[in-house]
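Read through the structure below, which is laid out as structure tokens, and then see the notes.
Given the structure is predicted, the values throughout are model-derived calculations rather than measurements.
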Amino acid sequence: MNDLLNYILTKEDAFRKNRLPSLYSDFTLQKKTNPDGYAVNVAAWEHALTRAARNGYISSSGGSSSKRAKGNHLVLRTDDSLLRDLEIPEWGRPVALATVVDEAIRKHTMVPVQSYISNPASLRKSQWNIIDPAALSPWNVMSWGMKQLRGIVVGSDESSGRLQVQELVLVENLQEAASRVSKQAMDHSSSKMDLVYTKEGFMSRFSRVLNEDSQLSESDFDILLLYLSRDSGAIAYDGKKTIKFRPSDNAPREITQQDTSIASMRTLMSTISQQVETLEKKINELNSTAKAALQNKNRISALSAVRSKKLAEHNLQQRLNTLVQLEEVYTKIEQAADQVEYIQMMEASTGVLRGLHTQIGGATRVEDVVDELREEMSKVDEVGSIMNEAGPEIDETEIDDELEELENTQREAKEEEEAEATRRKLAELDNLEQTTKDAARTAASEKHVDSDIAESIGRLSRMSVEDGSDSPGSKEHPLSAK
């Protein structure tokens, strides 16, 4: 089993074992007899092929990609090799795959490459953006199963349409790749110069934008660059070798000679950096080889390894010097570009200030406006004075007398309140003193009563003792003698 088929059977829920007979049958007739089942099968195949391509299981030459090193992620080639890679010994080939492709083209989820290249409006359809997820809803799947049990689903072992050999743009994958490329480019750029690439640098930088395990093919990049430049307007592209991301809609769409030079310098710096890494790795390997030869007492091999190491070190030093010079030049260009942007901003700000000053009319006009404002304000004061003069005359002595009377009244009321408060406090003190005296008298009276009671108890005690000595009990009772 190849990687493409294995991915679909293991990763796609719609390709369960009990669904395979229907998915590999000619379900074209279900379009009228069982629309739900037809929609489910079409959506299942369309979703499976789109996801498989996104994960790198479609090779650039058609069919499956075994190594997944580089394959088509945005373009699907429909031919006999694709049918062969989807073949299952038990169920054969998917005979209705042509119907799936036709439906995808009709909905603009897949667009023929030539049509997309020649027609800029080929993607501007209401249905183009995603595969309808409702087609794979549990209700549609269950409805399809019930109708199949009732014998409504019919099919044949022969295909109703032949799969046309063509290349199709997978619109959902194209949109996702473009979105990721734009986001990564903007997030990792510290200056406008970082937004400029050669085509080779662009392909190297974003080759794994959809999947870390596989790279986009050249066909993918051709479609992606066309989409980014023509449809989304995210980049400016001269169609040859220079690409520049546009941070805003107002950014220019033209590629200048400066952009081309900057892109070439960036690519050269990247190439030299890779060469430096390779030479450093080679030097370490040669050093290990020389040590191993010495341990084995192989002087000739050791000398050869050392000689090669010295030559590699010389080449490494040359490239490091070149890289330092290029980085210095690149830094100066970056500074100059920032200065140009700063000057342009200052010029724009100057124009704004000039326009505002023009609206103001200069310092002379401002002085005139201020003088006019002061004059109008003085007129307001003058009018107020006149209106005050036109009012009734009031004797100021009467006002002072009335104010003094009000003050005396308030002062007398305040003094009366203070006197009343003092009287209340004195009354409270008198009540407290009387209460204290009454409590003292009560305590003294209670003490006197307690003394009288104690004295009475003492007398009674003495009387009891005296009476006891003279009582009849001390003599013999007359009845006891009998």
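In this model, a donor atom of one side chain and an acceptor atom of the other lie less than 3.5 Å apart for T256 and D259. Remark: the T28 side chain and the D26 side chain contain an N/O donor-acceptor pair separated by less than 3.5 Å. If you check the side chains of N321 and Q317, you find a donor sitting under 3.5 Å from an acceptor. Defined by atom type and a distance below 3.5 Å, a donor-acceptor pair is present between the side-chain atoms of R266 and Y330. With hydrogens and angles left out, the side-chain atoms of E172 and T50 include no donor and acceptor closer than 3.5 Å. Looking only at atom types and distance, the side chain of E200 has no donor-acceptor partner in the side chain of T267 under 3.5 Å away. Residues H188 and Q184 have side chains that never bring a donor and an acceptor to within less than 3.5 angstrom of each other. Side chains of S217 and D220: a donor-acceptor N/O pair is present below 3.5 angstrom, by distance only.
With rounding to the nearest 0.5 Å, the separation of CG in L97 from CG in L82 is 6.0 Å. One finds the OG atom of S264 at 8.5 Å from the CG atom of L268 (value rounded to the nearest 0.5 Å). Going from atom CE of M203 over to atom CD1 of I243 covers 9.0 Å, rounded to the nearest 0.5 Å. Annotation: the span from L356 atom CG to Q359 atom CD amounts to 5.5 Å, rounded to 0.5 Å. To the nearest 0.5 Å, atom OG of residue S214 and atom NE2 of residue H73 are 2.5 Å apart. In this structure, E167 CD and S115 OG are separated by 13.5 Å, a value rounded to the nearest 0.5 Å.
Ionic pairing of K199 and D222 is present here: one or more N-O contacts between side-chain nitrogen and carboxylate oxygen are shorter than 4.0 angstrom. The pair R180-D187 does not count as a salt bridge, with every side-chain nitrogen at least 4.0 angstrom from each carboxylate oxygen. The pair D79-R77 meets the salt-bridge criterion, with a side-chain N (NZ, NE, NH1 or NH2) lying under 4.0 Å from an Asp/Glu carboxylate O. Comment: E103 engages R106 in a salt bridge, judged by a side-chain N to carboxylate O separation of less than 4.0 angstrom.
Summarising the local packing, CD of Q258 is surrounded by 12 or fewer heavy atoms from other residues, nucleotides or ligands at distances under 6.0 Å. Within 6.0 Å of CD1 on I300 lie no more than 12 heavy atoms contributed by other residues, nucleotides or ligands. Shown here is E418, whose CD atom has more than 12 heavy atoms of other residues, nucleotides or ligands within 6.0 Å.
The shortest distance between side-chain heavy atoms of Q166 and V113 does not fall below 4.5 Å. Contact check for I343 versus M346: side-chain heavy atoms found under the 4.5 Å cut-off. A heavy-atom distance below 4.5 Å is not found between the side chains of K241 and Y197. Side-chain contact between N72 and L76: absent, with no pair of heavy atoms (C-beta onward) separated by less than 4.5 Å. Side-chain contact check for D371 versus E375: every heavy-atom pair is 4.5 Å or farther apart. With a 4.5 Å cut-off on side-chain heavy atoms, R319 and S273 do not count as touching. Within the 4.5 Å cutoff, the side chain of R93 has no heavy atoms near those of the I88 side chain.
In this structure, R51 fails the cation-pi test against Y57, since its NZ or CZ atom is not both closer than 6.0 Å to the six-membered ring centre and inside 45 degrees of the ring normal.
No side-chain donor-acceptor contact under 3.5 Å links S204 to the backbone of G201.
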Practice problem: Show your reasoning for whether side-chain contact (heavy atoms from CB on, under 4.5 Å) applies to M377 and L373. | Solution: CA-CA 6 Å; M377 292 174 64; L373 178 61; 4.0 Å; yes

Exercise. Check the pair L170 / L74 against side-chain contact (heavy atoms from CB on, under 4.5 Å), numbers first and verdict last.
Key: CA-CA 5 Å; L170 301 174; L74 313 180; 5.7 Å; no

Practice problem: Carefully, step by step, assess K414 and E417 under the rule salt bridge (charged side-chain N to carboxylate O under 4.0 Å, His left out). | Solution: CA-CA 5 Å; K414 185 175 181 181; E417 289 179 358; over 6 Å; no

Self-check item: side-chain hydrogen bond (donor to acceptor under 3.5 Å, both in side chains) assessment of E46 paired with T109
Solution: CA-CA 9 Å; E46 188 177 342; T109 55; 2.3 Å; yes

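A distance of 6.0 Å or more separates the ring centres of F27 and W45. Taking the centre of each ring, F206 and F221 stay at or above the 6.0 Å mark.
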